[in-house]
Structures are given as structure tokens and as C-alpha cells.
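Here's the structure, in C-alpha cells; my notes come after.
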2 protein chains.
Amino acid sequence: MPREIFQRFLIEKRLKLTKERIEVLNEVFSAHDHFGPEQLYLRLRNAGSKASRASVYRTLNLLVESGLVEKITRTDKGSVYEHTYGHTHHDHMVCSICNRIVEFYSEYLEQLQDEICKKHKFSGVSHSLEIKGYCETCRKQ
Amino acid sequence: MPREIFQRFLIEKRLKLTKERIEVLNEVFSAHDHFGPEQLYLRLRNAGSKASRASVYRTLNLLVESGLVEKITRTDKGSVYEHTYGHTHHDHMVCSICNRIVEFYSEYLEQLQDEICKKHKFSGVSHSLEIKGYCETCRKQ
DNA sequence: AGACTAGTTGATATTAAATCTCAATTTCAG
DNA sequence: CTGAAATTGAGATTTAATATCAACTAGTCT
Ligand SMILES: [Mn+2]
Ligand SMILES: [Mn+2]
Ligand SMILES: [Zn+2]
Ligand SMILES: [Zn+2]
């Protein structure tokens with residue numbers, strides 16, 4: 001299904017569905033996690049793909065543009081992505097010790113943000129909320 | 001006042017209060033806005049300071065460590081800072097067209113986040129919420 | 001199917017934010 | 001004042017990400 005959406009997106013933009021793009025797409029959707037470009041590149045290599053780093057970066061940008069993938073955050077060690085197709089919107093808590101990521105969602109929080117936008121006459125399109133702190137297991141140490 | 005806090009911080013860490021650090025501190029607190037390292041460097045030059053980029057970067061890190069300044073966000077064109085001493089906590093809306101920044105605060109939003117953390121047994125320390133969209137003036141075009 | 005054309009690829013170069021190196025200089029405790 | 005320890009600036013280095021471009025494909029048209 002992501003494959004069809006991506007294909008439609010590419011046709012729309014008069015771009016081509018290449019072997020490399022398919023491989024990147026498949027790898028991105030082979031697991032639900034949070035990954036960086038280099039990490040993705042190594043996984044692809046491991047899976048037998050010969051796609052280059054350049055193609056991984058280029059395809060990631062296309063996947064973000066198509067709406068199938070989101071760039072979650074930028075750290076000092078590069079960007080973090082996740083595929084969002086097949087998953088409902090959520091935000092993240094990040095443990096400062098073990099880097100574990102806790103996903104959460106609150107309908108109430110979303111509504112509250114809408115209200116705040118209205119109050120400031122701002123037309124909100126997207127948001128990213130990242131809570132930093134300590135996860136349960138790390139706090140017990 | 002930020003000066004005294006910074007001084008205490010430096011003594012604590014057995015670091016020295018140099019001309020360059022004072023100049024950076026003063027420039028950072030001379031206006032309340034959101035700035036990048038290069039921007040800050042150019043303002044300093046303009047104000048007659050001879051502090052180098054290296055010192056600007058180094059001092060910014062110290063100011064963040066001391067709690068006087070926060071790194072708000074990282075864009076593809078570098079980090080954005082603001083001084084927080086003398087200002088209450090707030091989050092940001094960013095206009096995708098004119099890059100205007102709208103600051104906002106909601107006690108309710110903060111409480112809600114605390115509750116969500118509790119529900120996920122996460123010990124929240126800090127958070128950053130950035131809402132992207134269109135500001136009032138840009139929407140009218 | 002074959003051929004044409006516009007888009008893609010990978011190797012490599014380049015860019016740019018941020019950090020590192022280190023000799024010369026400055027701070028500040030004693 | 002003095003000296004040890006920290007800091008500075010210039011330039012080198014690191015590294016994520018993008019740009020370049022000749023060789024190569026994908027997909028369309030006949
Ligand atoms: Mn997620
Ligand atoms: Mn602000
Ligand atoms: Zn943890
Ligand atoms: Zn605007």
C-alpha cells in the first residue's frame with residue numbers, strides 16, 4: 001500500500017520508480033522504528049541492496065515529501081525519521097540516558113493546541129512535541 | 001543579574017570570566033529574540049567586539065549549561081537560541097512563509113503534559129513544542 | 001520490440017555548522 | 001606580582017547533507 005502511494009506520488013511529479021527507491025521504501029516499512037539515514041543505509045547494505053548513501057538521502061526526502069515518512073527531529077548527530085503511513089499521529093518522549101523513545105498520543109492535547117492556535121490567530125499545520133527526561137527503568141538507577 | 005549568575009557558574013566550574021565571555025553574554029541579553037551563532041557573531045563584530053566565532057560557539061554552550069540560555073531548535077541552517085533568564089517558559093509557533101515566531105504559553109498545556117508523563121511512567125524534565133503553520137498576515141495572501 | 005528522452009545513479013567533490021588543535025595570551029589565586 | 005591553569009583566535013578537522021556529472025535506466029511513443 002505505501003508502495004502504491006509512493007508510485008502515484010512519483011508519477012504525479014514525473015519521477016521514476018527505480019530499483020533503489022523501491023529498496024529504500026521497503027526497508028523503511030519493514031519495521032516501525034526511529035532511524036537515521038546512515039542506519040538505514042547500513043540496513044540496506046545488509047539486506048543486499050547496492051543503493052548508495054546519496055540515493056538513500058534522496059529517497060528519504062521524497063518519502064517525506066510524499067507524506068509516507070516524517071523527519072521527527074534533528075540531533076547533533078543527524079536527523080531521525082520514522083514511517084508514518086499506517087500509524088496514527090503521535091509525539092515522543094526521549095530518555096536522556098538510554099535514548100529509549102516512548103510514543104504517546106492525547107486527543108485532548110491536540111485539541112488544546114488547536115485552541116491555542118486559534119487564540120493567537122495562527123493557522124497550525126503540523127507540530128512536534130518532544131519531552132526529554134528519564135524512562136521508568138533508567139529512573140530506578 | 002545574568003552576569004552574576006554566569007560568574008557564579010564559572011567559579012563553580014573553575015572557569016574564567018573573560019572579556020570575550022562578557023561581551024557574548026551582554027550581546028545575548030541586549031535584546032529578546034531568537035538568534036543563531038553566526039548572527040550573534042556578526043552582531044558582536046558590529047558592536048566592536050573582536051571575539052571569534054570559536055569563542056561565540058564556546059560561550060553559547062556555557063550559557064546553555066548555566067541555564068541562562070536555551071537551544072530552541074535545530075534547523076537545516078543551524079541551531080536557534082534565546083536567552084531564557086528573565087522570561088517565563090513558553091513554546092513557539094513558526095510561520096512557514098515569513099519565519100515569524102509567535103511565543104505562547106498555556107498553564108493547561110503544561111499540566112496536561114505532566115499527566116501524560118505520569119501515565120507513561122516517564123519522568124519529564126523538559127520539552128519543546130514547535131507548531132508550524134501560517135501567521136495571521138501571511139494567511140491573508 | 002526498439003529507440004528516444006528525460007530522469008536517476010554512484011563516485012566523488014563540495015558545503016557549512018560545529019568542534020578541535022595548539023601556540024600565544026590572559027585570568028586570577030596566592 | 002608571579003605562575004599555573006585556562007582561554008583565545010586562526011586555521012584545520014569533522015561530519016551530515018547536498019551538488020556535480022558522466023554513465024546508465026525507466027518509461028513512453030511509434
Ligand atoms: Mn514514533
Ligand atoms: Mn522564545
Ligand atoms: Zn532510559
Ligand atoms: Zn508569516
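Lettering follows sequence order; numbering is per chain, from 1. Bear in mind the structure is a predicted one, so any value in this text is a computation, not a measurement.
When the C1' atom of C:dA17 is taken as reference, atom CZ of B:Phe35 falls 16 Å away, rounded to whole Å. For the pair A:Tyr41 OH and C:dT9 P, the interatomic distance rounds to 14 Å; values are reported in whole Å. Counting to the nearest Å, the C1' atom of C:dG7 and the CD1 atom of A:Ile22 are 15 Å from each other. Rounding to whole angstrom units, CG of residue A:Leu10 and C1' of C:dT9 are separated by 15 Å. Taking atom NZ of B:Lys71 as the reference point, atom C1' of C:dA17 lies 10 Å away to the nearest angstrom.
Annotation: the span from B:Lys119 atom NZ to A:Ser106 atom OG amounts to 6.5 Å, rounded to 0.5 Å.
Salt bridge annotation for B:Glu38-B:Arg53: present, with a cationic side-chain nitrogen under 4.0 angstrom from a carboxylate oxygen. Checked for salt-bridge contact, B:Arg43 and B:Asp33 meet the test: a charged N lies under 4.0 Å from a carboxylate O. Salt bridge A:Glu23/A:Lys50: absent, no basic N to carboxylate O contact under 4.0 Å. Between A:Glu65 and A:Lys13 there is a salt bridge, since at least one side-chain N of the basic residue sits less than 4.0 Å from a carboxylate O of the acidic one. We find that A:Arg8 and A:Glu4 are joined by a salt bridge, their nearest charged nitrogen and carboxylate oxygen being less than 4.0 Å apart.
Remark: A:Gln111 engages A:Glu107, A:Tyr108 in a side-chain contact (heavy atoms from CB on, under 4.5 Å) (not counting sequence neighbours).
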| For every nucleotide of nucleotides 20-30 of chain C, 5' to 3': is a protein heavy atom under 4.0 Å from its base (B), only from its sugar-phosphate (S), or from neither (-)? | BB-----BS--
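Across the interface with DNA chain C, nearest-nucleotide mapping of B:Tyr81 and A:Lys13 shows A:Lys13 to be the residue nearer the 5′ end.
Residues A:His89 and A:His127 bring their aromatic ring centres within 6.0 Å.
Mapping heavy-atom proximity under 4.0 Å, the span of DNA chain D touched by chain B runs 5' to 3' from D:dA5 to D:dG9.
Residue B:Asn61 has no polar side-chain atom (N or O) positioned under 4.0 Å from OP1 or OP2 of C:dA18.
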